[in-house]
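To start, the structure under review is shown below, and the notes come after it.
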Amino acid sequence: QVQLVESGGGLVQAGGSLRLSCATSGRSFNYYELGWFRQAPGKEREFVSRINWISGTTTYADSVKGRFTISRDKDKNTMYLQMNGLKPEDTADYYCAAALGFRSFLATNIDYWGTGTLVTVSS
């Protein structure tokens with residue numbers, strides 16, 4: 001059974017930092033890209049960042065570029081999202097996601113989802 005389990009969410013003041021983790025199990029992700037989406041109340045789920053599991057190549061949404069850093073530890077089968085300089089508009093449920101590497105990393109193409117972890121940034 002494939003599982004993606006997020007952790008690390010919480011309440012933080014604006015300007016603060018959090019590190020999200022996504023622990024994977026149940027299969028090899030060598031041909032996958034993994035990443036993060038987020039969904040704020042009343043809004044659609046949006047792309048945040050992705051990483052190619054083998055090469056480590058990364059992509060970021062413009063809204064988080066320069067503030068967030070995605071990484072992975074292949075030995076621990078875990079992906080991370082370091083979030084610095086958090087803003088109130090970053091408040092959302094953050095979801096770990098995995099998609100086969102040949103597909104565009106869109107929400108509609110995701111093969112596996114985590115259940116989400118809530119990040120709340122107070123002003």
Reported [atom1]-to-[atom2] distance for the pair [X] and [Y], which is rounded to 0.5 angstrom:
X   : Y    : atom1 : atom2 : result
R45 : I110 : CZ    : CD1   : 9.5 Å
E89 : S123 : CD    : OG    : 10.0 Å
R19 : T69  : CZ    : OG1   : 11.5 Å

Should [X] and [Y] be regarded as members of a common hydrophobic cluster, given that ILVMFWY residues are connected when their side-chain heavy atoms come within less than 4.5 Å of each other, either directly or indirectly?
X    : Y    : answer
Y95  : L86  : no
F37  : M79  : no
F105 : L4   : no
L100 : Y112 : yes

ask   = Any chance the rings of F68 and Y80 have centres within less than 6.0 Å?
value = no
key: W36 ring center near F47 ring center (under 6.0 Å)   = no
Heavy-atom donor-acceptor pair, [X] side chain to [Y] backbone, under 3.5 Å:
X    : Y   : answer
T117 : Y94 : no
R72  : I54 : yes
N52  : E33 : no
E6   : C22 : no
S55  : T57 : yes
T59  : S49 : no
R67  : G85 : yes
S63  : A61 : no

task = Please tell me if the side chains of V48 and L81 come closer than 4.5 Å, counting only heavy atoms from C-beta onward.
result = yes
Which pair of heavy atoms, one from [X] and one from [Y], lies closest together, and at what distance?
X   : Y   : result
N84 : S17 : OD1-OG, 2.9 Å
I70 : Y60 : N-OH, 2.9 Å
L18 : G8  : CD2-O, 3.8 Å
F29 : V2  : CZ-CG1, 3.8 Å
A40 : A92 : N-CB, 3.8 Å

message = Taking atom NZ as the centre, does K65 end up with more than 12 heavy-atom neighbours from other residues, nucleotides or ligands that are less than 6.0 angstrom away?
response = yes
task = Test N77 against T24 for side-chain hydrogen bond (donor to acceptor under 3.5 Å, both in side chains), laying out the working first.
result = CA-CA 6 Å; N77 295 317; T24 73; 4.7 Å; no
query = Is any NZ, NE, NH1 or NH2 atom of the basic residue among R38 and D90 found under 4.0 Å from an Asp or Glu carboxylate oxygen of the other?
reply = yes
key: CA sep, side-chain torsions, deciding dist, call: L20, V119, side chain to side chain contact (heavy atoms under 4.5 Å, CB included)   = CA-CA 9 Å; L20 305 183; V119 172; 4.0 Å; yes
